[in-house]
Trainee: 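What follows is a single structure, and I will ask about it in a moment.
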Amino acid sequence: MKQLNKELEQQISLALRRAQQAGHLPDFEIPVIPVLPPKRDDQGDLAYPAMGLAKLARKNPLEIANLIAAELGGLAFLERVEVAPPGFINFSLCDDYLRAQVGQIIREGERCFQLDIGVGKRAQVEFVSANPSGPITIGHTRNAVVGDAMARLLEAAGYDVQREYYYNNAGNQMIVLGKSLMLRYLQQLGEDVTLPADHYQGAYLIEIAAELVKQRGEALKDENWETFKGIVESRMFDWIRRSLAAIDITHDRFYNETSLFESGAIWRVLDEMRANDHIYEAAHWEGADEAEIADVTSKGYQPATWFRSTTFGDEKDRVMVKSDGAPTYTLPDIAYHRDKLGRGFDLAINVLGTDHFSQAQVVQYGLQAMGLDPAPIRVIFIQMVRAVRWNDELGEYEAVKQSKRAGDFDSLDDLVEMTSPDAVRYHMLARSPNSQLDFDVDQVVKQTNDNPVYYIQNAYVRCAGIFREADERGLVDDDADLSLLGSDELRFIRKVMELGNVIEQAVTNGEPQKIAFFAHELAAVFHPIYDKVRVLHSEVPPDVAKARLRFYRAAGVVFHRLLRLMGMTAPERM
RNA sequence: GCCCCUGUAGCUCAGUGGACAGAGCACCGGUCUUCUAAACCGUUGGUCGCAGGUUCGAGUCCUGCCAGGGGCGCCA
């Protein structure tokens, strides 16, 4: 399906070129000014502001707009081209073209509005990437929803997409986790041991320990923490996969940070950076001021291995290998991204919490230090998300406490249990990733028109209801005469025609929330039409009923497509 | 010390440098003998935080300020 705004941008460029060649306009490089849907209905379906050319052309914008309009020539999909002050060109799509799209959408089905901008290209989305030390939290959930939606949108844009999960099962945290489970297990056996405050306090470890006692009895009594680490890691990953699967999210590949240690990749990275003279050994970084040096001295640090990241614009140099000889997480992170670049993705999107902001920057500097171009890597930062509830007494929203008490929660599982997978997906998506999100749990649970989840799904349900009834009555629409469609139906198709552009914008700007807003807008155009434009009504003539049924088939295809792009279900009934 | 986010209607939020700033909710009043009313129709509602600047044009870009939230600096 063509993207009409792109087509018009091209045609306008050609028209401008012709006007220049004819001497109506001076010679200048033609800028790309986007053709967009205007704000008001009486301004056509798409508009081009020629005001942006006034300075270049040294002419008044209205005149330029007229020149372009004159040079445009007949475009089959246009009904009208109007010039409006102060210099807009307003384009109106012609009805026959819109009617033809009904058939086109039905023919293309799930691939309708599939773009070609990513065809032949490979993209990767790395998301979630939580270490297997506990359940998927609300924060991880937002990351998961945004990452998976991006992956789906990239697929819709034509990319071949891989979903990857990067995790670390080495490191101190996992050791502490293993020890924590060991202690919980011993407690279950009745031993008098206490869990230190810096160990994992989560109730889930008690549950796993209790299960272990049930399954294995005292058999693990003399095992060391490593055994328990192995057990807890595999349990945690089973849990994580199950939680994500419940909201229809799966990864193609799990990439283990530890493998970068085992293969020696991290040391090769360090060597390369050192060979390029970006590495040095020192007790403090080269630009440290007196206060910093005093601080480091008081901590008694031995010399560490530093990356001179300030060369690339960093505010300070970064430790690669700590004074105790262990690498910081930055070094394997750089090695991982080098490996990623080496796998030849045209686009590699990282979905990261904002606490990784500096980290992501240092990784890019690290890649540059090895002479690599980090351009294919793009980061989508996820701001904090809180679960909140309205507190009537205080008259304000209040964060839901992250305790184990009934009704409070802090995991994806609890969130799904309290609401639904579809509600979680929609509400986690429908906000700019880079804005903080308050997830109002009471609002999300509501099955009323407060809730866009049901508003959008109901549009699909209503289509499905018509199809069921039409089937029963034996109404066939294959041979429908689409010229019988009225202005209401065409208004819906006009709105639908924006979808390609919405997908493109979501993909190129890393703004998956756009699809959620569009779905809601489209449903808002749909519902009044559903009320008004009946199919199976005694007063509707049979040929009109056929045409309308055909129209609702197209609408159903589009809503199904939208819901799947958001990872939501398209129920036949509600 | 440095960085990020937010501030638009009573509330939750849209708004790609363009035309008269928009939805939903809430409030009030209507609509089911016709494909499910989780819907529809109508009314009300604005100092786009403040002040400068850039621009033919600023809610949008720049600078400064005010208010709120969050993060980072040999843990990952």
Side-chain angles (χ1 to χ4, degrees), chain A residues 33-34 36-40 42-43 47 49-52 54-55 60-61 84-88 90 131 133 168 170-174 257 284-285 289 291-292 295-296 299 301-302 304-306 315-316 318-324 326 328-330 333 353-359 361 381 383-384 386 390 397 430-432 434-436 438 440 443 446-455 457-459 461-470 472-473 475 501 505 509 511 513-514 517 520-521 523-524 526-532 534-540 545 548-549 552 573-574:
Chain A
I33 301 175
L36 299 168
K39 283 184 183 156
R40 297 210 327 263
D42 60 339
Q43 295 165 337
M51 293 85 84
K55 192 167 276 179
N60 105 47
F88 288 100
N90 293 329
N131 289 338
S133 58
N168 177 19
N172 201 37
Q173 295 308 309
M174 291 302 293
E257 179 186 355
H284 56 80
W285 75 286
D289 60 22
E292 237 177 306
D295 182 49
V296 166
K299 285 178 182 162
Y301 284 138
Q302 297 300 304
T305 305
W306 294 81
E315 57 177 355
K316 61 170 291 188
R318 308 286 170 169
V319 174
M320 292 292 108
V321 183
K322 291 182 277 181
S323 42
D324 66 5
T328 60
Y329 59 101
T330 310
D333 218 356
T354 46
D355 52 335
H356 289 74
F357 187 84
S358 330
Q359 171 65 6
Q361 224 163 243
F381 287 105
Q383 292 276 353
M384 190 189 70
R386 309 186 298 166
W390 180 258
Y397 283 98
R431 183 92 208 257
S432 165
N434 201 21
S435 295
Q436 286 162 194
D438 280 348
D440 181 339
Q443 179 91 353
K446 273 193 213 163
Q447 300 199 351
T448 66
N449 47 5
D450 298 29
N451 199 337
V453 175
Y454 304 103
Y455 190 75
Q457 286 182 323
N458 192 32
V461 167
R462 287 179 133 180
C463 293
I466 297 174
F467 305 154
R468 272 197 306 276
E469 188 64 24
E472 265 182 42
R473 301 193 194 180
L475 185 65
N501 201 36
Q505 199 194 335
N509 300 343
E511 298 174 327
Q513 75 279 12
K514 299 281 180 189
F517 291 123
H520 189 262
E521 284 172 19
F526 176 85
H527 285 299
I529 294 172
Y530 174 89
D531 256 28
K532 217 168 125 187
R534 314 295 277 185
V535 178
L536 306 163
H537 185 282
S538 52
E539 287 171 25
V540 177
R548 290 179 175 179
L549 179 57
Y552 283 109
R573 301 168 193 270
M574 290 198 305

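Here is the naming used below: chain letters follow the sequence lines, and residue numbers restart at 1 for every chain. Excluded from the calculations below are hydrogen atoms, water molecules and symmetry mates; all remaining heavy atoms, backbone and side chain alike, are included.
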Trainee: Provide the distance between the two C1' atoms, one in C11(B) and one in C75(B), to the nearest whole Å.
Mentor: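 Result for the C1' pair: 41 Å, nearest Å.
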Trainee: Taking G45(B) as the reference, what is the distance to A21(B) when you measure between their P atoms (whole Å, please)?
Mentor: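 Between the two P atoms, the distance is 15 Å.
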Trainee: Between Tyr454(A) and A38(B), do the rings stack, that is, sit under 5.5 Å apart with planes less than 30° off each other?
Mentor: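 Stacked: centres under 5.5 Å apart, planes under 30°.
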Trainee: Rounded to the Å, how far apart are Asn60(A) CG and G57(B) P?
Mentor: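 Going from CG in Asn60(A) over to P in G57(B) covers 15 Å.
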Trainee: Whole-Å distance between C20(B) P and Gln43(A) CD?
Mentor: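 After rounding, the reported distance stands at 9 Å.
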Trainee: With syn defined as a glycosidic torsion within 90 degrees of 0 and anti otherwise, which applies to C32(B)?
Mentor: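 Base orientation: syn.
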Trainee: With pairs taken as Watson-Crick or G-U wobble and both distances under 3.5 angstrom, which stems of at least three consecutive pairs involve RNA chain B?
Mentor: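 In RNA chain B, stems of three or more pairs: B:1-7 with B:66-72, B:10-13 with B:22-25, B:28-31 with B:39-42, B:49-53 with B:61-65.
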Trainee: If the cut-off is 4.0 Å, is Arg462(A) near the phosphate of A37(B), judged by side-chain N/O to OP1 or OP2?
Mentor: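 Answer is yes, contact under 4.0 Å.
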Trainee: Whole angstrom is fine here: how far is it from OH in Tyr530(A) over to C1' in C40(B)?
Mentor: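 In whole Å, C40(B) C1' and Tyr530(A) OH are 12 Å from each other.
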Trainee: Is it true that a side-chain atom of Arg431(A) and a backbone atom of Gln436(A) form a donor plus acceptor pair closer than 3.5 Å?
Mentor: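 Yes: the side chain of Arg431(A) pairs with the backbone of Gln436(A).
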Trainee: Counting just side-chain N and O atoms, does Tyr455(A) come under 4.0 Å of either OP1 or OP2 of C40(B)?
Mentor: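 Yes, such a contact exists.
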Trainee: Rounding to the closest angstrom, what is the interatomic distance between U60(B) and U8(B) at atom C1'?
Mentor: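 Approximately 12 Å lies between the C1' atom of U60(B) and that of U8(B).
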Trainee: To the side chain of Gln505(A), which of U36(B), C35(B), U16(B) is closest?
Mentor: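 Between U36(B), C35(B), U16(B), the one nearest the side chain of Gln505(A) would be U16(B).
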Trainee: With a non-hydrogen cut-off below 4.0 angstrom, is Ala470(A) in contact with a base, only sugar-phosphate, or nothing?
Mentor: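 No contact.
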Trainee: Rounded to the nearest Å, what distance is computed from the NE2 atom of residue His527(A) to the P atom of nucleotide A37(B)?
Mentor: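 Nearest whole value for this atom pair: 11 Å.
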Trainee: With a 4.0 Å cutoff (strictly under), does any side-chain N or O of Lys514(A) reach OP1 or OP2 of G15(B)?
Mentor: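 Yes.
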Trainee: Using side-chain contact (heavy atoms from CB on, under 4.5 Å), reason through Leu549(A) and Leu536(A) one step at a time and then give a plain yes or no.
Mentor: CA-CA 9 Å; Leu549(A) 179 57; Leu536(A) 306 163; over 6 Å; no
Trainee: Has Asn131(A) got a side-chain atom pairing as donor or acceptor with Ser133(A)'s backbone, closer than 3.5 angstrom?
Mentor: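 Not a single qualifying donor-acceptor pair exists.
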Trainee: Considering only the P atoms, how many Å lie between U12(B) and G52(B), rounded to the nearest integer?
Mentor: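 Result for the P pair: 29 Å, nearest Å.
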Trainee: Take atom C1' in A51(B) and the same atom in G59(B), then report the distance between them in whole Å.
Mentor: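 Each nucleotide's C1' atom is 16 Å from the other's.
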Trainee: Does Lys316(A) have a side-chain nitrogen or oxygen under 4.0 Å from the phosphate oxygens OP1 or OP2 of G73(B)?
Mentor: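 Result: no.
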Trainee: Does a side-chain N or O of Asn434(A) approach OP1 or OP2 of C5(B) to a distance below 4.0 Å, or not?
Mentor: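 Checking Asn434(A) against C5(B): at least one side-chain N or O falls below 4.0 Å of OP1 or OP2.
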Trainee: Could you tell me how the ring of Phe357(A) sits relative to the ring of Phe381(A): parallel (under 30°), tilted (30 to 60°) or perpendicular (over 60°)?
Mentor: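 It falls in the tilted class, 30° to 60°.
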Trainee: Run the side-chain contact (heavy atoms from CB on, under 4.5 Å) check on Tyr454(A) and Val461(A) step by step: do they pass?
Mentor: CA-CA 10 Å; Tyr454(A) 304 103; Val461(A) 167; over 6 Å; no
Trainee: Gln383(A) side chain: which of C5(B), C40(B), G18(B) is closest?
Mentor: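 Nucleotide nearest to Gln383(A)'s side chain: C5(B).
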Trainee: Answer with base, sugar-phosphate or nothing: what part of the nucleic acid does Phe517(A) contact at a heavy-atom distance below 4.0 Å?
Mentor: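 Sugar-phosphate: the residue Phe517(A), judged by heavy atoms under 4.0 Å, touches backbone atoms but no base.
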Trainee: Backbone N or O of Val319(A) within a donor-acceptor pair of the Thr328(A) side chain at under 3.5 Å?
Mentor: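 Such a contact is found between Thr328(A) side chain and Val319(A) backbone.
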Trainee: Strictly below 4.0 Å: does Lys55(A) bring a side-chain N or O up to OP1 or OP2 of C56(B)?
Mentor: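 The answer is yes; a side-chain N or O of Lys55(A) sits under 4.0 Å from OP1 or OP2.
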Trainee: Tell me which nucleotide among A19(B), G70(B), G73(B) gets nearest to the side chain of Arg318(A).
Mentor: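 So the nucleotide nearest the side chain must be G73(B).
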Trainee: If you go through the side-chain atoms of Gln436(A), does one of them form a donor-acceptor pair with the base of G69(B) closer than 3.5 Å?
Mentor: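 Result: at least one qualifying N/O pair found.
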Trainee: Look at all strands and tell whether Pro86(A) reaches a base, only sugar-phosphate, or nothing, counting heavy atoms closer than 4.0 Å.
Mentor: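 If one applies the 4.0 Å heavy-atom cut-off, Pro86(A) turns out to touch nothing in the nucleic acid.
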Trainee: Students often get this wrong, so: under 4.0 angstrom with heavy atoms, is Ala54(A) touching a base, only sugar-phosphate, or nothing?
Mentor: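 No contact.
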Trainee: Among A76(B), G70(B), U36(B), which is the nearest nucleotide to the side chain of Val461(A)?
Mentor: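 My answer, after comparing the listed nucleotides, is U36(B).
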Trainee: Please check this pair: side chain of His527(A) against backbone of Tyr455(A), looking for a donor-acceptor N/O pair closer than 3.5 Å.
Mentor: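 Yes; judged by distance alone, with no hydrogens or angles, the pair exists.
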Trainee: Indicate, yes or no, whether a donor-acceptor pair under 3.5 Å links the base of A19(B) to the side chain of Asn90(A).
Mentor: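 Answer yes: a donor N or O sits under 3.5 Å from an acceptor.
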Trainee: I'd like the C1' distance from C32(B) over to A39(B), given in whole Å.
Mentor: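 Taking atom C1' in both A39(B) and C32(B), they lie 10 Å apart.
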Trainee: Check the geometry between Phe88(A) and A19(B) and answer yes if their rings are stacked (centres below 5.5 Å, planes below 30°), otherwise no.
Mentor: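 Yes, Phe88(A) stacks on the base of A19(B).
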Trainee: P atom, G7(B) versus C61(B): distance in rounded Å?
Mentor: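 11 Å, rounded to whole Å.
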Trainee: For the pair Asp289(A) (side chain) and Glu292(A) (backbone), establish whether a donor and an acceptor sit closer than 3.5 Å, ignoring hydrogens and angles.
Mentor: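 Present.
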Trainee: I need the CG-P distance between Asp440(A) and U12(B), as an integer number of Å.
Mentor: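 The distance from CG of Asp440(A) to P of U12(B) comes to 10 Å, rounded to the nearest Å.
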Trainee: Side chain of Met51(A), heavy atoms from C-beta onward: which of C74(B), A76(B), C56(B) has the nearest atom to it?
Mentor: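 Out of C74(B), A76(B), C56(B), the nucleotide with an atom closest to Met51(A)'s side chain is C56(B).
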Trainee: Please compare Glu292(A) and Ala430(A) by the position of their nearest nucleotide in RNA chain B and report the one closer to 5'.
Mentor: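 Per heavy-atom nearest nucleotide, the more 5' residue is Ala430(A).
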Trainee: Work out how far the C1' atom of G29(B) is from that of U43(B), and round it to whole angstrom.
Mentor: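 Taking atom C1' in both G29(B) and U43(B), they lie 8 Å apart.
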Trainee: Is there side-chain contact between Asp531(A) and Arg462(A), with heavy atoms separated by less than 4.5 Å?
Mentor: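 In contact.
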Trainee: Can you measure Glu539(A) atom CD to C35(B) atom P for me and round it to whole angstrom units?
Mentor: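 It is 13 Å, rounded to the nearest whole Å.
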Trainee: Of the options A19(B), C35(B), U6(B), whose atoms approach the side-chain atoms of Arg534(A) most closely?
Mentor: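 Minimum distance to the Arg534(A) side chain belongs to C35(B).
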Trainee: Checking side-chain contact (heavy atoms from CB on, under 4.5 Å) for the pair Arg318(A)/Trp285(A): CA distance, chi angles, key distance, verdict?
Mentor: CA-CA 8 Å; Arg318(A) 308 286 170 169; Trp285(A) 75 286; over 6 Å; no
Trainee: Would you say whether Phe357(A) stacks on C4(B)? The test is a distance between ring centres of less than 5.5 Å and an angle between planes of less than 30°.
Mentor: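 Per 5.5 Å and 30° rule: no stacking.
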Trainee: Is the phosphate of A76(B), meaning OP1 or OP2, less than 4.0 Å from a side-chain N or O of Lys322(A)?
Mentor: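 Yes, such a contact exists.
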Trainee: More 5' along RNA chain B: Gly52(A) or His284(A), using each one's nearest nucleotide?
Mentor: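 Nearest nucleotide further toward 5': that of Gly52(A).
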Trainee: Report yes if at least one side-chain N or O of Thr354(A) is closer than 4.0 Å to OP1 or OP2 of G70(B); otherwise report no.
Mentor: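 For G70(B), neither OP1 nor OP2 has a side-chain N or O of Thr354(A) closer than 4.0 Å.
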Trainee: Please state how far atom CD in Glu315(A) lies from atom C1' in G71(B), giving the value in whole angstrom units.
Mentor: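 Roughly 13 Å, once rounded to whole Å.
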Trainee: Just to confirm, is there a sub-4.0 Å distance from OP1 or OP2 of U6(B) to any side-chain nitrogen or oxygen of Arg431(A)?
Mentor: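 So the side chain of Arg431(A) is outside the cut-off, no N or O lying under 4.0 Å from OP1 or OP2 of U6(B).
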Trainee: Using 30° and 60° as the class boundaries, would you call the ring planes of Tyr552(A) and Phe526(A) parallel, tilted or perpendicular?
Mentor: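 Rings of Tyr552(A) and Phe526(A): perpendicular, as their planes differ by over 60°.
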Trainee: Using whole Å, what does the distance between atom C1' of nucleotide C2(B) and atom CD of Gln361(A) come to?
Mentor: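 The answer, rounded to whole Å, is 11 Å.
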